[in-house]
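In what follows, a structure is listed as structure tokens, so that the remarks can point back to it.
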Amino acid sequence: MAKATWEGEVLAESDTYETVEGNIYFPPGSVNQAFLSPSDHTTTCPWKGKASYADVVVNGAVNRNAVWFYPEPKEAASHIKDHMAFWKGVSVEK
């Protein structure tokens with residue numbers, strides 16, 4: 001079981017997940033979308049492709065670009081399509 005929490009709230013929890021480069025990627029259905037707010041921020045990974053980001057918002061506290069995902073990954077990363085990974089102080093445990 002993997003779980004992501006921030007500010008006392010569970011952002012994601014799942015028995016199934018992918019681990020890539022030490023990061024846990026949660027399947028889309030396991031992430032509580034109520035805590036996410038879209039961001040215009042993007043980055044590019046040479047082998048995964050273009051990453052999109054979202055802010056995490058809990059009880060008015062905002063953690064900017066604290067979650068990222070690959071809506072259209074390159075073939076090598078197709079197994080993490082739309083899966084979400086967290087950072088910037090979000091606790092991720094398994």
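Side-chain atoms of S78 and Y70, non-hydrogen and from C-beta on, never get closer than 4.5 Å to each other. Within the 4.5 Å cutoff, the side chain of E9 has heavy atoms near those of the N59 side chain. Between P28 and H83 the shortest side-chain heavy-atom distance falls below 4.5 Å. Contact annotation: the side chain of V90 never approaches that of T5 to less than 4.5 Å [non-hydrogen atoms, C-beta and beyond]. Taking 4.5 Å as the limit, some side-chain heavy atom of K94 sits within range of a side-chain heavy atom of I24. Side-chain contact between V58 and N63 is absent, with no heavy atoms from C-beta onward closer than 4.5 Å.
In the hydrophobic clustering of this structure, F69 does not group with V20; members are Ile, Leu, Val, Met, Phe, Trp, Tyr whose side-chain heavy atoms approach within less than 4.5 Å, directly or through other members. Linking Ile, Leu, Val, Met, Phe, Trp and Tyr residues whenever their side-chain heavy atoms come within less than 4.5 Å leaves I80 and F26 in two separate clusters. Hydrophobic clustering of Ile, Leu, Val, Met, Phe, Trp and Tyr side chains at less than 4.5 Å, counting indirect connections, keeps L11 apart from V57.
Between atom NE2 of residue H41 and atom OG of residue S52 there is a gap of 10.0 Å, rounded to the nearest 0.5 Å. Distance NZ/K3 to CG/D15: 11.5 Å, rounded to 0.5 Å.
Heavy atoms only, all atoms of each residue included: V10 and F35 are closest at O-CE1, 3.6 Å. The nearest pair of heavy atoms linking P71 to D82 is CA-OD1, 3.4 Å. The shortest heavy-atom contact between P38 and D55 is O-OD2, 4.4 Å. Taking both residues in full, the closest heavy atoms of A54 and S39 are given as CA-CB, 3.9 Å, listed atom of the first, atom of the second, then distance. The two residues W6 and V62 make their nearest non-hydrogen contact at CH2-C, 3.9 Å.
Screening residues 24-34 for side chain to side chain donor-acceptor pair (under 3.5 Å) gives Y25-W68 as the qualifying pairs, with residues at least two apart or on separate chains.
The local environment of NZ in K88 is crowded, with over 12 non-hydrogen atoms from other residues, nucleotides or ligands closer than 6.0 Å. Counted within 6.0 Å of CH2 on W87, heavy atoms from surrounding residues, nucleotides or ligands total 12 or fewer; the atom is thus considered open.
A salt bridge links E21 to K48: one of the charged nitrogens lies within less than 4.0 Å of a carboxylate oxygen.
Remark: Y17 engages no residue in a ring-ring contact (aromatic ring centres under 6.0 Å, His included) (not counting sequence neighbours).
Just one of T42, T43, D40 meets the side-chain hydrogen bond (donor to acceptor under 3.5 Å, both in side chains) condition when paired with Y53; it is T43.
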- Does the pair E72 and K50 meet the rule for a side chain to side chain contact (heavy atoms under 4.5 Å, CB included), with working shown? CA-CA 7 Å; E72 296 179 24; K50 183 177 179 181; over 6 Å; no

